[in-house]
Every structure is written in C-alpha cells, then in structure tokens.
Amino acid sequence: MGIVMIIAIIATNIVARKFVAPEIVALIVLALTAVLFVISHIIVSSFERIALTSKAKSEFISIMSHRLRSPLSSIKWRLELLADKMGAPNSEESSISLSEINEQNEKMIRIVNDLLELNNIEDNKLMLNRSAFPLKELLEETVQAQKTIPGNLDIPVFVSSPDSLPDVFADRSKIKHVIFHLLDNAFRYSLKENKITIVLEQLPKSVRCSVTDEGAGILENERKKIFNKFFRGKGKMRYQTEGTGIGLFIAKEIVEHSKGEMGFISIEGKGSTFWFTLPIAKKTGLD
C-alpha cells in the first residue's frame, strides 16, 4: 500500500502541474493522500481481522480435536475391554451391536485425527519422524486393517510386488495414514464384483505404490480439484459417500513433505489409479 500511495501521489503531482496552479496541485495531492490513507487503513484492518479469524479457527479446531480424541480413545478402550469380557456365551445380537458401536467410534477417531492433521498442515506444523522401513510390510498391514471393516471383505485385493524391494525413508505412521486413505477410497467407490489392485515397483531413486480400483472413476471437469480441501465430486453420489473431503489433500501433503510425489489416472466409469512415490532409504539410514 505504501508503494501504491507513493506512485499515485507522484503521478497526480506530475499530471496536475500541467493543468492547474501549484497551490491547487498541493491541495489535490493532500486530498489524494488523505483518501489513500483511509483506504489503506480499511484494507489493513480487514486483513488483520481475517488473520485473527483464521488463527481463532485453527485454535478452535486444535482444542476441540484434542478434547474429542480423549473421550473417544477412552470409549474405544472400554469397548475392547467389554468385548473381551463378553466372550462366547453372549448373544450374537449383542456382539453385532458392540461391533457396530466400535466401528462408529473408530470412524470418529479417524475424523478427529484428520482434523488435527489438517490443522497442523495449515499452520505449517506437520512433524515427520522419518526412518527407513519396508513399504510392502506396511502396505500388507494396512490392507489387513482395512479388510476388518464390515463390507470390505467382499472386495478382493491383489498385491503385486517384486521379491526384493529397498526400504523407503519416510514417517511410517504418516505413510500408513496415506495408504489407509487411498485404500478407503478404493473400497468405498467399488462394488462387490470389482477388485482392487495394488502394485509396488522400484524406480531409480524411489519406490512407487499404485492403488487401482474398478469403481466410478472421476469426472473430467473435477480432476483438477481432486486434491483440494473439502472437495466432493458429484460423480461419487452413485456410491457410498461417507467422508470429509480432506483425505486426499492430507495424503498429498504428507507425501510431498516426505520428498515424494502423488498423482492419479482415472477413466470415468472404469475406475481410478492413485499413486505415490517415496525416496529410497540410504544404506547409512541418513537423509
């Protein structure tokens, strides 16, 4: 605003001198300066209010997420304890009800964790504890976790990987989060007769993981927005549409902070392939 004011005052002074007396020029310049100062004050005040609102929003999300996570974790622990105590003699209906409660509680925990992760990303506070680990092992572990979710058992998952694959260098827990989101989307937008294919392959300096489904695919006009925060494609309405619209945004941010890349290929009506790469760990274990 300071630069704009200086340029406007100089330009007004030069132009006004050609047409009016010096005294009038001085009055014009003073009037213009006053107007510009008022406009500048309004703009700066508006930006300050926006910044304060954004900060308050971030603090609210952080506080509420932490407050929600504690009781949800306690509920999860109590449910697991109750399930162990119930044992076989209890009715099948009770077991089903308990399982449903546990599943919904897990969903709430994941949503809260996603909100915390989103808040950390927006505040540039995403922390990565990078180390060397086998991506195939983590992938198989995450697939098994996804297969325990009701409804996912009906959709087969095929994993293709070379016998020998170097370790990657990244934050293991964060990358598990990435894989979980990609698999979650693949399961959610697939039908029972579809299958999911996961391919691991070694590139010159990285390992690439691709998750392919045979679902609805992504509409052509929505592909540029697929990694945007809170984006929900209209084409997804043909399938289950649970979700917050932040999973892919978080996944991409985690991968890029890990010095990898993420992208996708999609054919409408035939399915999508989401892929990401991670750097190969050096033998010394150093980045």
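- Interatomic distance, CD1 of Ile179 versus CG of Asp184, reported as 13.5 Å (0.5 Å rounding).
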Evaluation steps, side-chain contact (heavy atoms from CB on, under 4.5 Å), between His257 and Arg130: CA-CA 11 Å; His257 277 77; Arg130 303 174 74 191; over 6 Å; no
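- Side-chain atoms of Ile196 and Phe187, non-hydrogen and from C-beta on, do get closer than 4.5 Å to each other.
- Here the CD-CG distance, from Glu140 to Leu135, works out to 10.0 Å after rounding to the nearest 0.5 Å.
- Glu214 and Lys270 are not joined by a salt bridge, as no carboxylate oxygen comes within less than 4.0 angstrom of a charged side-chain nitrogen.
- The side-chain heavy atoms of Lys259 and Lys205, taken from C-beta on, include no pair separated by under 4.5 Å.
- When all heavy atoms of Lys195 and Ile155 are compared, the closest pair comes out as CA-CG2, 4.3 Å.
- Counting only N and O atoms by type, the side chains of Thr277 and Ser206 include no donor and acceptor under 3.5 Å apart.
- Looking at heavy atoms from C-beta onward, Phe264 lies in side-chain contact with Arg223 at the 4.5 angstrom threshold.
- Formation of a donor-acceptor pair under 3.5 Å by the Ser190 side chain with backbone atoms of Asp213 is not found in this model.
- Between Phe133 and Ala170, the closest heavy-atom pair is CE2-O, 3.5 Å.
- For residues 155-164, the set of pairs meeting the salt bridge (charged side-chain N to carboxylate O under 4.0 Å, His left out) definition, not counting sequence neighbours, is empty.
- Proximity of Ser272 to Thr212: side-chain heavy atoms (C-beta onward) are nowhere separated by under 4.5 Å.
- Remark: Leu118 CG to Glu122 CD distance equals 4.5 Å, nearest 0.5 Å.
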Evaluate side-chain contact (heavy atoms from CB on, under 4.5 Å) for Leu165 paired with Leu200, printing each intermediate quantity in order. CA-CA 9 Å; Leu165 199 66; Leu200 292 177; 4.0 Å; yes
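- The aromatic rings of Phe274 and Phe227 lie perpendicular to each other, with more than 60° between the two planes, well past the 30° mark.
- Linking ILVMFWY residues whenever their side-chain heavy atoms come closer than 4.5 Å, directly or via other members, places Leu138 and Val159 in the same cluster.
- Residues Asp114 and His177 bring a donor and an acceptor atom of their side chains to less than 3.5 Å of each other.
- The shortest side-chain heavy-atom distance between Met262 and Leu182 falls under the 4.5 Å cut-off.
- Considering every non-hydrogen atom in both Pro156 and Asn194, the closest pair reads CD-O, 3.4 Å.
- Atom CD1 in Ile250 sits 9.5 Å away from atom CG in Asn113 (nearest 0.5 Å).
- Taking 4.0 Å as the cut-off between side-chain N and carboxylate O, Glu117 and Lys125 do not count as a salt-bridged pair.
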I would like to know whether Glu253 and Lys174 meet salt bridge (charged side-chain N to carboxylate O under 4.0 Å, His left out); could you show each step before the answer? CA-CA 10 Å; Glu253 288 290 322; Lys174 301 290 187 187; over 6 Å; no
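- Atoms NE2 and CD, on His181 and Gln146 in that order, are 10.0 Å from each other to the nearest 0.5 Å.
- No chain of hydrophobic side-chain contacts below 4.5 Å, direct or via other Ile, Leu, Val, Met, Phe, Trp or Tyr residues, connects Ile254 to Trp275.
- Of the residues listed (Gln202, Glu261, Glu201), the one engaging Arg208 in a side chain to side chain contact (heavy atoms under 4.5 Å, CB included) is Glu201, and it is the only one.
- Contact annotation: the side chain of Val143 approaches that of Ile198 to within less than 4.5 Å [non-hydrogen atoms, C-beta and beyond].
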Working for side-chain contact (heavy atoms from CB on, under 4.5 Å), residues Val199 and Ser161: CA-CA 6 Å; Val199 178; Ser161 173; over 6 Å; no
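- For the pair Leu128/Ser258, a side-chain contact is recorded, criterion being any heavy-atom separation below 4.5 Å from C-beta on.
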Full working for side-chain contact (heavy atoms from CB on, under 4.5 Å) between Lys147 and Val157: CA-CA 9 Å; Lys147 295 294 282 185; Val157 179; 4.3 Å; yes
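- Side-chain atoms of Arg188 do not come within 3.5 Å of backbone N or O of Leu183 as any donor-acceptor pair.
- The CD1 atom of Ile280 sits 7.5 Å away from the CG atom of Leu203 when rounded to the nearest 0.5 Å.
- A donor-acceptor distance shorter than 3.5 angstrom exists from the side chain of Asp171 to the backbone of Asn129, with no hydrogens or angles considered.
- Across every non-hydrogen atom of Glu220 and Glu268, the tightest pair is N-OE1, 4.4 Å.
- Its side chain within the 4.5 Å cluster rule, Ile42 clusters with Val38 among the Ile, Leu, Val, Met, Phe, Trp and Tyr residues.
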